Amino acid sequence: MPVAHFHLVDGAYTPEQHRELLTAASRCYSEVLGSPLERIRAFIVRYHPDDVAVAGTVVGAGAPPAPYFTAIVLAGRPATQRQELAARFTDLIVDLPGAQRPLVRGQIVEADPANWAIAGTAAATTRASEIAGRAGAAKTPSHGIAA
């Protein structure tokens, strides 16, 4: 379920920096939320320098690029996880593409599981099925068979 969008000025960073940011952010999401890596989606949203203003000046006219990120998590995650995710995403944007820390902004958005779809099914339903499946597997005796 975790989804991240990194809003960057086109041309401010190299394609390699984009790749590193997407890869590192995916790992970070997995570590902080304890979510399987295969569930994580990370995107870079690019903006033409003339389509971004920082402090009232357009980047194309000389303002520094000011990255912004949005991280979506299912509602109910502890505040400590959300805060750690925001801090680590900021660190990634500063360390990998080299953004100026004071210019980085970000937001953690909590999505109600009833309003988030996974393969066309509400996450609330999917999550309930997964939890029930795990509970059933834990109750099933292994009969000495190694997993």
Side-chain angles (χ1 to χ4, degrees), residues 1-138 146-147:
M1 167 312 134
V3 175
H5 296 98
F6 295 92
H7 303 266
L8 305 175
V9 173
D10 206 19
Y13 310 106
T14 67
E16 179 60 28
Q17 289 171 317
H18 287 190
R19 285 189 291 275
E20 289 176 0
L21 178 60
L22 292 170
T23 301
S26 296
R27 286 192 312 267
C28 176
Y29 238 145
S30 180
E31 292 167 8
V32 172
L33 301 182
S35 183
L37 194 58
E38 62 269 9
R39 292 187 182 172
I40 297 166
R41 306 293 183 266
F43 302 88
I44 289 181
V45 183
R46 298 175 188 187
Y47 297 91
H48 188 277
D50 289 335
D51 294 336
V52 178
V54 178
T57 302
V58 174
V59 173
Y68 169 76
F69 66 85
T70 304
I72 304 170
V73 299
L74 284 180
R77 291 283 183 176
T80 55
Q81 280 185 337
R82 297 189 314 268
Q83 291 163 357
E84 181 179 354
L85 191 61
R88 288 184 59 185
F89 274 11
T90 298
D91 289 344
L92 288 175
I93 293 170
V94 169
D95 295 343
L96 295 174
Q100 297 176 41
R101 182 176 296 279
L103 297 177
V104 177
R105 300 291 187 270
Q107 175 179 324
I108 307 299
V109 177
E110 291 183 279
D112 183 327
N115 297 326
W116 187 265
I118 300 170
T121 303
T125 303
T126 301
R127 187 165 52 175
S129 297
E130 288 178 358
I131 291 168
R134 282 188 224 121

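Note that the structure is a prediction, hence the values are computed from the model and not measured. All residue numbers refer to positions in the sequence shown, counting from 1.
Using a 4.5 Å cut-off on side-chain heavy atoms (C-beta onward), V45 and F6 make no contact. Using a 4.5 Å cut-off on side-chain heavy atoms (C-beta onward), L33 and I40 make no contact.
For residues 108-126, every residue pair satisfying the salt bridge (charged side-chain N to carboxylate O under 4.0 Å, His left out) rule, not counting sequence neighbours, is listed here: R82-E110. Identified under the salt bridge (charged side-chain N to carboxylate O under 4.0 Å, His left out) test for residues 57-71, with sequence neighbours left out: none. Sequence neighbours left out, the pairs with a member in residues 86-99 that pass side chain to side chain donor-acceptor pair (under 3.5 Å) are E31-R88, E84-R88, D91-R101.
Nearest heavy-atom pair, P36 versus S30, reported as atom, atom and distance to 0.1 Å: C-OG, 4.4 Å. Shown here for F89 and A4, the closest heavy-atom pair between the two residues is CE2-CB, 3.7 Å. In terms of heavy-atom proximity, P97 sits nearest to L21 at CG-CD2, 4.5 Å. Taking both residues in full, the closest heavy atoms of S26 and L37 are given as O-CD1, 3.5 Å, listed atom of the first, atom of the second, then distance.
With sequence neighbours left out, E38 forms a side chain to side chain donor-acceptor pair (under 3.5 Å) with no residue at all. Residues that satisfy the side chain to side chain donor-acceptor pair (under 3.5 Å) test with R27, not counting sequence neighbours, are absent from this structure. Considering only residues two or more places apart in sequence or on other chains, R19 meets the salt bridge (charged side-chain N to carboxylate O under 4.0 Å, His left out) condition with E16. T23 is linked by a side chain to side chain donor-acceptor pair (under 3.5 Å) to nothing, counting only residues two or more places apart in sequence or in another chain. By the side chain to side chain donor-acceptor pair (under 3.5 Å) test, R46 pairs with H18, sequence neighbours left out.
From L22, atom CG reaches atom CZ of R41 across 13.0 Å, with rounding to the nearest 0.5 Å. The CG atom of L85 sits 11.0 Å away from the OG1 atom of T80 when rounded to the nearest 0.5 Å.
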Which atom pairs, donor and acceptor, lie under 3.5 Å between side-chain atoms of residues 47-56 and protein residues at least two apart or in another chain?
| from | atom 1 | to | atom 2 | distance (Å) |
| --- | --- | --- | --- | --- |
| Y47 | OH | H7 | ND1 | 2.7 |
| H48 | ND1 | D50 | N | 2.9 |

Please report, to 0.1 Å, the donor-acceptor pairs under 3.5 Å made by any side chain of residues 57-74, with sequence neighbours excluded.
| from | atom 1 | to | atom 2 | distance (Å) |
| --- | --- | --- | --- | --- |
| Y68 | OH | T70 | OG1 | 3.4 |
| Y68 | OH | Q107 | OE1 | 3.2 |

Report the C-alpha distance between Y13 and L96 in whole Å, list the side-chain angles of each, state the deciding distance to 0.1 Å, and finish with yes or no for side chain to side chain contact (heavy atoms under 4.5 Å, CB included).
CA-CA 9 Å; Y13 310 106; L96 295 174; over 6 Å; no
